[in-house]
Number of protein chains: 2
Amino acid sequence: MTGIPETVSSIKQAAEFTGLSEDTIRYYEKIGLLPYADRKASGHRTYSKHQLNGMVFLTRLKATGMTLEEMKHFRKLYEIGEASLTQRVSILIEHKNRIQNEIDRLQETQKMIDFKIDKYKEVLVNPDTNTKWKSPFAD
Amino acid sequence: MTGIPETVSSIKQAAEFTGLSEDTIRYYEKIGLLPYADRKASGHRTYSKHQLNGMVFLTRLKATGMTLEEMKHFRKLYEIGEASLTQRVSILIEHKNRIQNEIDRLQETQKMIDFKIDKYKEVLVNPDTNTKWKSPFAD
DNA sequence: TCTTGACTTGGAGTGTGCTCCAAGTTGTAT
DNA sequence: ATACAACTTGGAGCACACTCCAAGTCAAGA
């Protein structure tokens, strides 16, 4: 079951793959968000395909508003092992709900913007309408 | 056409209405994002209904990822007057597109999370499956 | 062997957006 | 008159998430 070495990557390749900067990857390791990476004899970091996929998932959580602290917490639960599985499921469900709320708010704002664009376009067609406005963001 | 005084609010009421803190409202004025507010004889700020609505729209733009600098730019365009209307429409359309991209990314992440939740639940039902995982965020 | 470039570390600095504070003034209730 | 809260100003400080730097090590090609 052992013997076939997994493909490993340098920090540069990891950065390219994940979209994070090399500095950011080192920073995440420093603050304990990423585990201490394996090093080559030279001391250079190496990453497995697994770890790269993990880092991509991480960037998705970050991009959807999860803080570094929350992600650290999630990782700590992971380290406990299976005993924390239900907790991890809860966190993911909770985060998914937060994302849904965010989507709802974004869509509401799109409607507000559409409404405002319509009003602006009205004025472009018929400039008299303009007297209604008192504030750059009003109505 | 004059004579009916508009309802005005204190900074505290403005904060309650908009969800911004009093400090934040003063800060926005300080950096030139909000115009210098009218003051009472005492020096206390007053806000019209119009301005309050404008501030709410502002919070929507901020909550959807527009930076304070971009909002300042928008306000400067507003101050130019009608000559900037087309530009302002462009900015709003552009921002609406950014929101749409954000919504798309959020929905993709929801799918990734669902996928992961399913895998976790699988392990809860059948613990042997667990050996597949090497990283807290992998797959 | 020499050069070039990728990598290492610890720590300092940065940008954004607030948030808090001190010291003073004004408004309202008793 | 006397509290006490609400407000004012300018400026300092803070949290988050990087981002950059200096000084040094390591690896591969001409």
Side-chain angles (χ1 to χ4, degrees), chain A residues 7-48 51-52 55-75 95 98 102 105 137, chain B residues 7-48 51-52 55-75 95 98 102 105 137:
Chain A
T7 316
V8 292
S9 307
S10 66
I11 193 168
K12 186 178 190 184
Q13 290 169 317
E16 270 160 21
F17 187 76
T18 61
L20 297 168
S21 75
E22 299 178 33
D23 269 324
T24 300
I25 293 171
R26 290 193 202 95
Y27 168 68
Y28 284 177
E29 188 184 306
K30 187 152 52 179
I31 64 169
L33 173 54
L34 291 173
Y36 186 82
D38 291 342
R39 314 286 155 127
K40 290 190 266 192
S42 60
H44 294 187
R45 288 169 181 80
T46 58
Y47 297 95
S48 70
Q51 289 171 321
L52 294 184
M55 284 161 71
V56 169
F57 188 65
L58 178 91
T59 64
R60 296 288 80 217
L61 292 181
K62 187 187 53 134
T64 53
M66 192 178 277
T67 65
L68 302 186
E69 277 310 311
E70 286 172 304
M71 289 187 277
K72 271 172 77 172
H73 180 225
F74 190 86
R75 201 177 86 80
H95 187 61
R98 276 158 57 185
E102 175 70 6
R105 289 192 313 111
F137 304 116
Chain B
T7 317
V8 292
S9 307
S10 67
I11 193 168
K12 185 178 191 182
Q13 289 170 317
E16 270 160 21
F17 188 75
T18 61
L20 298 167
S21 75
E22 298 178 33
D23 269 325
T24 300
I25 293 171
R26 289 193 202 97
Y27 168 69
Y28 284 178
E29 188 184 306
K30 185 149 56 178
I31 64 170
L33 173 54
L34 290 174
Y36 186 81
D38 291 342
R39 313 287 155 126
K40 291 189 263 191
S42 61
H44 295 185
R45 289 168 180 80
T46 58
Y47 297 94
S48 69
Q51 288 171 321
L52 293 184
M55 285 162 70
V56 169
F57 188 64
L58 180 90
T59 63
R60 295 288 82 217
L61 293 180
K62 187 187 51 135
T64 53
M66 192 178 277
T67 66
L68 302 187
E69 277 309 311
E70 287 172 304
M71 289 188 277
K72 270 171 78 172
H73 179 225
F74 191 85
R75 202 177 85 81
H95 188 62
R98 277 159 56 185
E102 175 70 7
R105 290 192 314 112
F137 305 115

Task: Thr67(B) or Ala41(B), whichever maps to the more 5' nucleotide of DNA chain C - done: Thr67(B)
Hey, are the side chains of [X] and [Y] touching, using non-hydrogen atoms and a 4.5 Å cut-off?
{"X": "Leu58(A)", "Y": "Leu34(A)", "answer": "yes"}
{"X": "Pro35(B)", "Y": "Arg75(B)", "answer": "yes"}
{"X": "Arg26(A)", "Y": "Glu29(A)", "answer": "no"}

- [ ] Please check if any side-chain donor atom of His95(A) sits under 3.5 Å from a side-chain acceptor atom of Thr64(A), or the reverse.
- [x] yes
Phosphate OP1/OP2 of [N]: any [X] side-chain N/O under 4.0 Å:
{"X": "Arg26(B)", "N": "dT8(D)", "answer": "yes"}
{"X": "Ser42(A)", "N": "dA27(D)", "answer": "yes"}
{"X": "Tyr28(B)", "N": "dC18(C)", "answer": "yes"}
{"X": "Arg45(A)", "N": "dC7(C)", "answer": "no"}
{"X": "Ser10(B)", "N": "dC7(D)", "answer": "yes"}

d([atom1], [X]; [atom2], [N]) in whole Å:
{"X": "Ile25(B)", "N": "dC20(C)", "atom1": "CD1", "atom2": "P", "result": "15 Å"}
{"X": "Tyr27(A)", "N": "dT19(D)", "atom1": "OH", "atom2": "C1'", "result": "11 Å"}
{"X": "Asp23(B)", "N": "dC18(C)", "atom1": "CG", "atom2": "P", "result": "11 Å"}
{"X": "Lys30(A)", "N": "dA17(D)", "atom1": "NZ", "atom2": "P", "result": "15 Å"}
{"X": "Tyr47(B)", "N": "dA6(D)", "atom1": "OH", "atom2": "P", "result": "17 Å"}
{"X": "Glu29(A)", "N": "dG10(C)", "atom1": "CD", "atom2": "P", "result": "10 Å"}
{"X": "Met66(A)", "N": "dC16(D)", "atom1": "CE", "atom2": "P", "result": "16 Å"}
{"X": "Glu22(A)", "N": "dG5(C)", "atom1": "CD", "atom2": "P", "result": "15 Å"}

TODO: Check whether any side-chain N or O of Lys72(A) sits under 3.5 Å from a backbone N or O of Ile31(A) as a donor-acceptor pair, and report yes or no.
DONE: yes
TODO: May I ask you to say what Ile11(B) touches in the nucleic acid, namely base, sugar-phosphate or nothing, with a heavy-atom cut-off under 4.0 Å?
DONE: sugar-phosphate
- [ ] May I ask you to say what Glu69(A) touches in the nucleic acid, namely base, sugar-phosphate or nothing, with a heavy-atom cut-off under 4.0 Å?
- [x] nothing
Task: Position toward the 5' end of DNA chain D (nearest nucleotide), Lys62(A) or Arg39(B) - done: Arg39(B)
